[in-house]
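Chain naming here is simple, since letters A, B, ... match the order of the sequence lines and numbering starts at 1 in each.
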Amino acid sequence: MLRTQNRSAIGMLAPATGLIGVFVLLPMALTVWLAFQDWSTQTGFETARFIGVDNFLAIFGPGSVGRDFKAALVNTAIYTVLSVLIIVPLSVALGLLVHQKIAPGGIVLRTVLFSTYMVPMIAVALVWSKLYSPTEGPINQMLGWIGIGAQTWLSSPKTALVSLVLLNVWQQVGYFTVLAVAGLTQIPPVLYEAARVDGASAWRQFHAITLPLLGNTLLFSAVIGVINAVQVFEPVALITQGGPVNSTNVLTYHIRRVGIERAQGGLGSAMAVTLMLALIVAITALFAVARSRENRT
Amino acid sequence: MHYVRAIRRLAGVATVLVSGTALTQAAEISFLTHWSPDTVAMLDAAIAKYGETHKDDTITVRAVPFGDLLTTLRTSGGGAGGATIAGIYDAWLPDLAKDKLVAPVPAEMATAVTANWPAGVVSAATAGGSLYGIPNEIDVYALNYNKRLFAAAGITEPPKTWEEFLADAEKLTDKSKGQQGFGLINSWAAGVLHPFASLLVSNGGDLVVDGKPVLDSKQAKETFELYEKLITSGFSDPAMATADANTTGPFLDNFVSGKTGMIIMANWWESALKAGMGDAFADIATAPIPVGPSGDKAHSISYSWMTVVNAQASAEEQAAAWSFLDWLNGPESGPNGASAMGEILMSMGILPSRTSDATAFGDRLSGDAFLAGYTGPLPDAKPFPVVLGGQEFSESLQQTLEALQFGQVTAAEAQTNAQTDAAEILERNAK
């Protein structure tokens with residue numbers, strides 16, 4: 001009987017797990033295998049030659065390959081941290097604005113915020129590349145009206161990456177605001193009523209009720225925010241091409257450049273494996289922090 | 001023995017029949033290019049004309065931005081959905097040939113190409129002794145300058161030496177108007193490299209000799225120092241130099257809007273200038289690259305483009321592709337003995353490389369003052385080095401030059417970094 005049940009369970013799970021195995025696990029395993037090979041992406045897998053950890057030594061080494069990879073890794077980390085640090089708190093603030101019942105316009109605000117998320121990145125990139133134009137861009141012209149000098153935006157290695165972060169925030173914050181609103185609706189209003197009866201200030205209510213009860217939503221937002229940010233590609237490919245001076249050369253773009261343009265499949269795979277490991281570490285760390293905070297409370 | 005001879009004859013007849021069948025079978029082929037919609041429309045018109053006599057073949061055009069061309073070729077080139085024909089930059093050829101992505105030109109056509117194109121251009125379409133592409137355009141670099149800005153600055157003629165070049169750049173620089181003397185480019189590998197390489201060869205230097213980088217030369221040192229001087233003196237503003245994936249962006253906007261006095265750029269740039277400037281294009285003139293302190297005369301660099309055929313395409317598709325390219329680049333397809341390809345290229349201000357095209361378009365070339373500024377320096381132009389790992393070499397040198405543009409390294413550091421990286425990259429890729 002038990003054996004029949006097992007067979008039936010396996011039979012029912014097989015299609016889904018089989019698809020996952022073929023389309024997710026197999027490519028991942030192949031990438032890991034290729035990371036230890038010398039292989040051109042233009043040739044068959046049979047031409048791959050095992051070279052041990054040479055690809056990893058190269059991408060962390062002092063040569064041009066290592067220098068460019070490490071710079072891309074740092075750029076990706078900065079982009080990710082800045083994006084999440086800005087988007088998550090901003091989405092909570094905007095979520096509170098949308099969720100409140102005191103002033104009208106919450107639904108309109110939510111629609112406007114979410115609309116940026118629905119615009120295709122190609123359109124966003126084209127428009128923002130013109131908005132950021134240092135000499136003729138509307139943003140610098142508007143800053144000039146209030147006495148602020150022209151900013152370099154995408155035209156300087158000091159500001160280009162941050163400019164892309166701002167673009168990302170503009171596009172993504174609406175989506176995260178919707179997540180925050182969904183979290184806020186789950187908090188029982190009775191808790192706020194009790195707090196008000198006890199004389200708690202608005203800040204105290206936010207700190208003692210809203211923030212702790214939004215914990216799971218914030219964790220989910222942070223995880224999705226990290227994954228989205230690490231995968232940034234379109235604005236770099238469409239606007240900056242990784243420049244100037246590689247200041248916006250993030251890992252996904254760099255892996256494409258190495259693995260596809262230069263056909264260095266082994267090196268590209270080693271970079272992709274490193275990115276995957278870094279992502280796993282980052283997400284695990286986020287869960288660990290969340291769990292330790294949960295344990296303390 | 002008699003039977004063996006008979007079998008051989010039969011096999012020979014079968015081969016001819018099979019190849020003949022392949023040549024006459026209908027084929028669906030595609031043409032990958034980075035040309036703009038207007039130019040693609042001209043190619044479509046040529047395809048329609050070709051279709052009048054080749055009704056069985058279907059040719060479709062796929063256009064992508066220049067920045068995506070190599071990636072598209074790399075990602076789809078080896079598959080069944082890959083383009084049958086692609087226009088490529090000569091620097092990419094050694095790597096594409098090494099990976100067997102491109103098919104050698106059939107022997108008969110190769111002979112015709114060798115007879116009808118200049119030897120240097122044929123050489124750039126050759127890798128490992130085999131001809132892989134039919135050359136079409138040739139590009140050369142020259143100084144572009146704005147006559148209106150020159151007149152306003154009291155400059156009567158374009159600079160002939162680096163000394164005059166720096167003096168003019170200083171006169172043209174006016175920060176109160178947001179105006180720079182000389183426009184550099186960043187965020188686009190060829191856009192960064194080619195002007196630097198043009199100044200280097202005009203100073204008697206080279207990027208690569210016999211497959212080895214020679215960026216440690218005195219001539220290269222002086223060229224890096226020239227860049228440093230342009231930046232530290234404020235004659236070039238790197239914030240005005242950014243390019244995007246379509247090789248446009250602020251650097252083009254600034255020259256078009258009269259905020260950049262001089263720039264070093266190739267002849268294909270004419271169509272972009274005309275589109276951006278309208279009547280003000282009359283303000284733009286060309287001149288040879290100024291000669292550096294170690295140079296003997298004005299030199300420039302050149303590079304060429306070619307059309308290649310996908311080695312993974314079927315025999316029928318390859319045969320149809322070569323047949324179309326033979327016609328497209330031949331003297332029967334265009335007006336007055338010119339090729340249809342030559343006509344397409346001339347519409348963009350690009351110099352066709354076929355010898356008969358240069359003759360057919362002789363009047364137009366000499367009558368176009370902008371293009372005449374490019375045909376003059378062409379005989380003294382040095383081809384941009386075509387080596388394995390050329391793309392990686394270009395991107396590495398681009399990064400070093402951009403670091404110099406933004407003051408992250410000195411000229412001496414840039415020269416050391418450039419030579420070290422180039423030596424490592426070229427050696428690794430040559431293995």
Side-chain angles (χ1 to χ4, degrees), chain A residues 38-44 47 58 61-68 71 122 125-126 129-130 132-137 140 150-160 234-249 253-254 256-265 267, chain B residues 65 67-68 70-75 77-78 92 95-96 98-101 178 186-189 192 237-246 248-251 253-254 257 259 312 389 391-393 395-396 398-409 417 420-422 424-425 428-429 431:
Chain A
D38 179 22
W39 174 65
S40 164
T41 45
Q42 300 306 314
T43 55
T47 61
S64 63
V65 172
R67 188 189 56 220
D68 291 348
I122 179 73
L126 288 173
S129 66
K130 287 296 173 194
Y132 273 144
S133 177
T135 49
E136 294 161 354
N140 272 354
Q151 304 299 306
T152 50
W153 302 118
L154 298 165
S155 298
S156 164
K158 289 179 185 165
T159 53
E234 293 102 322
V236 176
L238 293 166
I239 308 176
T240 64
Q241 305 280 293
V245 207
N246 273 356
S247 59
T248 59
N249 188 33
Y253 187 75
H254 190 62
R256 176 250 210 186
R257 187 181 265 177
V258 172
I260 297 173
E261 275 185 18
R262 300 178 193 166
Q264 296 166 343
L267 274 176
Chain B
D68 292 336
L70 179 59
T71 309
T72 307
L73 203 58
R74 285 284 195 192
T75 49
W92 300 339
D95 292 281
L96 296 175
K98 183 185 168 194
D99 290 336
K100 296 184 172 57
L101 275 184
N186 65 55
S187 303
W188 164 26
V192 175
D237 181 357
M240 298 169 75
T242 312
D244 61 23
N246 276 324
T248 57
F251 91 94
D253 298 341
N254 285 312
S257 59
K259 287 182 175 161
Q312 309 297 320
Q391 184 68 13
E392 189 178 353
F393 164 74
E395 287 167 358
S396 172
Q398 171 200 2
Q399 193 183 336
T400 304
L401 289 170
E402 288 184 1
L404 181 60
Q405 280 184 28
F406 286 98
Q408 294 180 352
V409 292
N417 294 348
T420 308
D421 289 349
E424 185 262 321
I425 289 166
R428 172 161 43 82
N429 281 279
K431 282 178 186 168

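Residue Thr152(A) touches chain B through its side chain alone, counting heavy-atom pairs closer than 4.5 Å. Contact annotation for Ile425(B): only side-chain heavy atoms (C-beta onward) come within less than 4.5 Å of a heavy atom of chain A. Only the side chain of Pro250(B) comes within contact range of chain A, with heavy atoms under 4.5 Å apart. Contact annotation for Asp68(A): only side-chain heavy atoms (C-beta onward) come within less than 4.5 Å of a heavy atom of chain B. When heavy atoms are compared at a cutoff of 4.5 Å, Lys100(B) does not approach chain A at all. In this structure, chain B has no heavy atom under 4.5 Å from any part of Lys158(A). At a 4.5 Å heavy-atom cutoff, Gln398(B) makes no contact with chain A through either its backbone or its side chain. Only the side chain of Gln408(B) has a heavy atom closer than 4.5 Å to any heavy atom of chain A. Looking at Asn429(B), only its side chain comes within 4.5 Å of chain A, counting heavy atoms on both sides.
Residues Lys130(A) and Asp253(B) meet the side-chain proximity criterion, which asks for heavy atoms closer than 4.5 Å. Taking 4.5 Å as the limit, some side-chain heavy atom of Glu392(B) sits within range of a side-chain heavy atom of Val65(A). Inter-residue side-chain proximity for Gln264(A) and Arg428(B) is flagged as met; some heavy-atom pair is nearer than 4.5 Å. Taking the side chain as every heavy atom from C-beta outward, Gln399(B) and Asn249(A) never approach each other to under 4.5 Å.
Taking CG from Asp68(B) and CD from Glu261(A), the interatomic distance works out to 8.5 Å, rounded to the nearest 0.5 Å.
Contact record, Gln241(A) with Ser187(B): CB-O, 3.6 Å, taken as the closest heavy-atom pair. Shortest non-hydrogen contact noted between Ile260(A) and Thr71(B) is CG2-CG2, 3.6 Å. Here the closest heavy-atom approach between residue Phe406(B) and residue Ser156(A) is recorded as CE2-CA, 3.8 Å.
With chain A as the partner, the residue from Glu424(B), Glu395(B), Gln391(B) showing the most heavy-atom pairs under 4.5 Å is Glu395(B).
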